[in-house]
A.B. asks: 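Sending over a structure as structure tokens; questions will come in a sec.
Chain letters run A, B, ... following the sequence lines, proteins first, then strands; residues in each count from 1.
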Amino acid sequence: MRQGIQGEMIRSELADVVGEEYISTEETDRLIYSTDWSWMPQMWLDRGERLATPDYIVHPASAEEISAILKIANTYRIPVIPWGGGSGTQGGTLPIYGGITVDTKRLDKIIAIDTQSLTVTAQAGINGAQLEWALNEHQLTLPHYPASANCATLGGYLAPRGSGTISTKYGKAEDMVLSMELVLPDGTIIRTPPVPNHASGPDFARLFLGSEGTFGIITEATMQIDYLPEVRLLHAVLFADLSNALEAGRRMMTRRLDPMVIRLYDPSSTASLVKEVLGYELEGVYMVIGFDGYEELATLQEQYAMEICLELGARDLGREPGERWWNHRYDFYFPPKSLQLPWMYGTVETLSTYNNLERIYHAKKQAIEETYAEWNARYIGHFSHWFHWGASLYDRFIIEQPPQDAHQALRLHNRIWTTAIRTSLEHGGMINEHHGVGLKLARYMRAQYGAAWPLLEAIKRTIDPNGIMNPGKLGFGIY
Amino acid sequence: MHILQPIATTENCRYCLMCRHVCPVGYVTRSETLSPHGWGLTIASVRRGLLQWNRETSEVLFSCADCGLCRAHCATDQPLPDAIAAAREEVVELKQAPPAVYRIEQALQQWSNPYTQQQPWPVKQRGDVALFVGDAALFLWPSALEAAQLLLSAAGVQPVLVGAGRNNGYLASSLGLRSTAEALAQANLEDLQASGAGRLLVLTPGDYYTFSRLYEDRLGIAWPREIELVELVPFLAGQLEAGALRLRRSEDTSPYAYCDPTHSARVPGRDRAPRRLLATVLGQPGLELFWRGERAHPAGDTALQFTQPELADQLTLARLQDAANHGAFMLISEDPGSLAHLNRHASRFALKIQGLYELLARHLA
Ligand SMILES: Cc1cc2nc3c(=O)[nH]c(=O)nc-3n(C[C@H](O)[C@H](O)[C@H](O)COP(=O)(O)OP(=O)(O)OC[C@H]3O[C@@H](n4cnc5c(N)ncnc54)[C@H](O)[C@@H]3O)c2cc1C
Ligand code: SF4
Ligand code: SF4
């Protein structure tokens with residue numbers, strides 16, 4: 001907690017807003033809220049090192065309470081860190097300058113389900129799985145299925161622009177949002193227009209998507225939802241090489257077959273992950289393709305997709321390996337199956353157009369495995385979120401025996417990230433597709449945006465003149 | 001349990017968020033600390049010297065409800081509740097556990113139950129089938145026991161009562177009172193042996209879990225292989241199907257919901273039987289709660305009722321709120337402990353709490 005009398009005075013002021021029950025300065029809470037799901041802080045704690053902790057953790061129950069908290073933060077110039085499920089992988093919720101961590105999980109009400117327009121309006125702190133169960137009771141679904149649905153919140157889906165398993169058909173979380181209620185850094189509560197695809201001036205709502213708590217706090221969102229599909233048809237094929245597999249995916253997308261998922265594992269992940277989690281020993285490129293909706297339509301789409309795959313030399317593995325993948329698609333994230341400390345790892349995912357994709361993959365693999373050969377760095381990847389014009393490469397580096405010293409380990413980790421990001425940028429890729437920027441990628445934002453970066457900085461200074469909102473993230477630093 | 005197992009488990013869980021959505025304590029508190037990963041990281045941080053066991057950390061540790069939902073939803077079957085119980089043992093030994101733990105320890109050692117100053121009944125008869133009574137059914141909700149006996153009698157079963165007035169051992173184990181839990185377990189097994197029964201019927205999924213898993217997993221006490229363990233509700237549903245139990249239709253048509261008892265998630269597939277029985281008597285399926293079946297949250301009848309009574313009440317209130325949200329007038333369950341806790345606050349929600357065994361017994365044909 002901030003020291004001395006002033007620290008206590010601020011605590012009391014915050015307690016007046018949320019209630020004594022909903023503020024904590026306890027040591028255990030401060031430790032737990034000092035890390036998210038990113039490797040850096042987890043490694044730090046794992047090696048017995050201390051992290052910067054929040055001074056106060058508050059659990060507001062309304063936009064009005066959040067507004068009052070932000071006003072207090074402005075008065076005393078205290079950092080505010082929005083916290084959803086803490087499942088972010090980029091250090092977005094790390095309280096690197098201390099401050100007030102605002103846990104949004106008490107904002108968890110479903111306000112309305114509109115079965116005519118097919119929308120749900122919910123508060124931003126609602127848990128993804130609980131929201132989905134509630135929709136399923138009406139045979140409806142929010143088709144954003146990230147592997148983190150069990151732990152992430154609706155606000156956390158939108159703030160870092162997440163992608164789910166079936167984004168290839170249904171879009172990213174940001175594509176599903178119609179409107180939002182937000183608390184701006186000065187405490188003003190605003191609503192974005194009720195629908196997105198208007199021509200009534202610029203779509204300023206999109207500024208907040210991807211702002212990761214640096215422009216304010218999302219307190220409510222109206223999301224487009226869907227009927228649960230009549231069928232989900234999953235199928236798996238095996239390609240001998242990556243080129244033909246990528247071409248198959250490209251053809252399915254550019255011919256608008258509308259798959260809900262195309263998951264293409266490179267030879268290394270086919271040999272490792274697919275074997276460990278699904279139990280298939282395969283050599284080559286394992287690809288899962290899925291269609292959903294009306295049975296007859298989905299069957300026809302699947303038939304065309306299979307023709308494309310077979311034409312390009314794929315071996316048909318049938319439905320069972322596809323269905324098995326679908327049913328166990330989140331098992332990859334349960335320890336000890338997931339990547340875990342004491343290993344070093346990082347998901348250096350990127351996004352690009354089809355003409356660059358394979359080049360990026362090979363260039364990154366070479367750059368990481370050769371540059372860090374002395375650490376036996378491994379590089380594996382899969383292609384997962386597909387668009388009409390390109391796809392995302394979800395790639396990772398893994399070092400099984402990193403340095404023991406926390407500082408040395410972090411430096412090596414950061415060097416590998418720089419190698420990976422530079423290679424992506426040099427070959428036309430983005431610094432990422434769906435994990436957000438947070439603290440981890442903050443230092444690459446200038447390179448990503450070039451001459452446009454000062455514009456983003458100017459917007460930040462206008463919206464948040466005192467720089468209280470999530471300082472140090474997204475490259476905005478402190479001012 | 002070997003000490004390496006709890007360590008491996010908390011190391012796995014400390015950064016894993018994959019079962020947070022089902023954790024009832026995380027749900028009612030919305031706290032990151034009071035969630036599976038919060039407990040995992042707290043224990044792991046003590047091991048790394050980043051935290052110490054003290055009043056505050058011990059409060060955190062004793063706030064897990066030991067309900068088993070995390071493990072039931074874990075794709076790699078991590079026994080997190082067992083690991084938390086093992087960490088509690090350490091804290092109890094350090095004399096850092098909440099004061100209530102030591103009071104309960106004394107009560108369990110002296111009276112074998114935490115509710116009254118009465119010794120368990122000795123086993124008076126022998127027979128093929130025994131019914132485990134436990135403490136909650138005797139001291140908190142005795143009508144369940146009477147009704148269960150009526151139902152069994154109607155199905156032609158006259159069980160010998162065992163463990164009447166004695167805790168099954170879960171409470172002590174949950175609080176990290178391992179030797180007390182072992183003593184209770186041994187006493188219950190001795191009762192069973194004295195009864196000569198080859199089949200033990202239990203009233204609740206909590207008893208079923210304790211005998212079938214907890215004894216072995218946490219206390220290293222194997223369940224006697226020759227004794228078949230049977231939960232009474234699925235048994236009655238089987239008797240109904242076989243025509244050995246006949247029930248008549250109730251005239252009550254008020255909207256009802258079934259409240260899956262505490263520990264239901266630990267007994268997969270047990271959720272259909274009570275619903276079948278209820279649909280037979282009440283003529284229609286009940287309203288389904290949000291937290292139901294394999295994701296059913298507990299009411300306040302875990303060890304929390306003694307160490308964190310406010311948190312236990314929050315769990316109970318959440319179950320009642322769930323029923324009220326769904327428009328139920330009557331909330332039905334068979335677990336005496338759950339029933340007692342639900343009943344305490346039901347009037348706030350204008351809900352009538354109804355014992356399942358009593359309802360069935362009233363409608364014997
Ligand atoms: C096992 C696992 C699997 C994952 N799989 C996926 C995946 O498939 N797809 C994917 O996209 N991501 C995935 N992630 C990453 C992460 O979970 C997502 O980005 C998730 O949506 C973050 O949500 P959260 O509620 O946990 O946000 P947090 O981690 O709490 O926050 C993330 C960022 O958003 C900000 N923020 C949170 N809530 C708000 C709010 N209401 N208003 C403003 N800012 C806010 C925070 O300050 C932080 O900067 C995964 C993570 C894990 C742990
Ligand atoms: S029990 Fe399983 S799902 Fe829950 S935290 Fe532990 S490893 Fe994760
Ligand atoms: S046992 Fe229950 S309360 Fe404890 S961590 Fe698991 S789900 Fe949460």
A.B. asks: Rounded to the nearest 0.5 Å, what separation is found between the OG1 atom of B:Thr42 and the CG atom of A:Asp29?
C.D. replies: 8.5 Å
A.B. asks: I'd like to know which of A:Arg50, A:Glu49, A:His59, A:Arg47 tops the heavy-atom pair count under 4.5 Å against chain B.
C.D. replies: A:Arg50
A.B. asks: Taking side chain as everything from C-beta outward and backbone as N, CA, C, O, which of these in A:Glu137 sits under 4.5 Å from a heavy atom of chain B? Side chain, backbone, both or neither.
C.D. replies: side chain
A.B. asks: At a heavy-atom separation under 4.5 Å, does B:Arg295 approach chain A through its side chain, its backbone, both, or neither?
C.D. replies: side chain
A.B. asks: When heavy-atom pairs shorter than 4.5 Å are enumerated against chain B, which of A:Leu341, A:Leu45, A:Asp103 gives the highest number?
C.D. replies: A:Leu45
A.B. asks: Considering all heavy atoms of both residues, which atom of A:Gly86 and which atom of B:Leu17 are nearest to each other, and what is their separation?
C.D. replies: O-CD1, 3.9 Å
A.B. asks: Determine which pairs satisfy ring pair (Phe, Tyr, Trp, His ring centres under 6.0 Å) with at least one residue from residues 35-67 of chain B, sequence neighbours left out, and list them in order.
C.D. replies: none
A.B. asks: Look at the side chain of B:Arg30 and the backbone N and O of A:Arg106, then say whether any donor-acceptor pair between them is shorter than 3.5 Å.
C.D. replies: no
A.B. asks: Would you say CZ of A:Phe332 has more than 12 non-hydrogen atoms from neighbouring residues, nucleotides or ligands within 6.0 angstrom?
C.D. replies: yes
A.B. asks: Pick one of side chain, backbone, both or neither for B:Gln78, based on which atoms fall under 4.5 Å of a heavy atom in chain A.
C.D. replies: side chain
A.B. asks: For A:Asp46, is it the side chain, the backbone, both, or neither that has a heavy atom closer than 4.5 Å to a heavy atom of chain B?
C.D. replies: both
A.B. asks: Taking A:Ser338, A:Cys151, A:Ala134, A:Ser87 one by one, which has the highest count of heavy-atom pairs under 4.5 Å against chain B?
C.D. replies: A:Cys151
A.B. asks: Flag yes if more than 12 heavy atoms outside A:Lys275 fall under 6.0 Å of its NZ atom; otherwise flag no.
C.D. replies: no
A.B. asks: Between A:Tyr22 and chain B, with a heavy-atom cut-off of 4.5 Å, which part of the residue counts as in contact: side chain, backbone, both or neither?
C.D. replies: neither
A.B. asks: Give, as side chain, backbone, both or neither, the part of A:Tyr33 having an atom under 4.5 angstrom from any heavy atom of chain B.
C.D. replies: side chain
A.B. asks: Determine the option with the most heavy-atom pairs under 4.5 angstrom with chain B, choosing from A:Glu27, A:Gln42, A:Glu26.
C.D. replies: A:Gln42
A.B. asks: With a cut-off of 6.0 Å (strictly less than), are more than 12 heavy atoms of other residues, nucleotides or ligands near CZ of B:Arg48?
C.D. replies: yes
A.B. asks: Please look at A:Gln340 and chain B and tell me whether the side chain, the backbone, both or neither of the residue comes under 4.5 angstrom of a heavy atom of that chain.
C.D. replies: side chain
A.B. asks: If you define the side chain from C-beta out and look only at heavy atoms, does anything of A:Lys105 sit under 4.5 Å from B:Glu32?
C.D. replies: yes
A.B. asks: Okay, side chain of B:Glu56, backbone of A:Thr28: is any donor-acceptor separation there less than 3.5 Å?
C.D. replies: yes
A.B. asks: Please look at A:Thr35 and chain B and tell me whether the side chain, the backbone, both or neither of the residue comes under 4.5 angstrom of a heavy atom of that chain.
C.D. replies: side chain
A.B. asks: For each of B:Glu59, B:Glu11, B:Arg14, B:Arg47, tally heavy-atom pairs with chain A at distances under 4.5 Å, and name the one with the top tally.
C.D. replies: B:Arg14
A.B. asks: Which residues in residues 121-129 of chain A have any heavy atom closer than 4.5 Å to a heavy atom of chain B?
C.D. replies: A:Asn127, A:Ala129
A.B. asks: Considering non-hydrogen atoms only, spot the tightest contact between B:His73 and A:Phe334 and give its length.
C.D. replies: O-CE2, 3.7 Å
A.B. asks: If you draw a 6.0 Å radius around CD in A:Glu21, do more than 12 non-hydrogen atoms from other residues or ligands fall strictly inside?
C.D. replies: no
A.B. asks: Do you know the tightest heavy-atom contact between A:Ile32 and B:Gly38?
C.D. replies: CD1-O, 3.6 Å
A.B. asks: Students often mix this up, so state it plainly: with edges at 30° and 60°, are the rings of A:Trp133 and B:Trp291 parallel, tilted or perpendicular?
C.D. replies: perpendicular
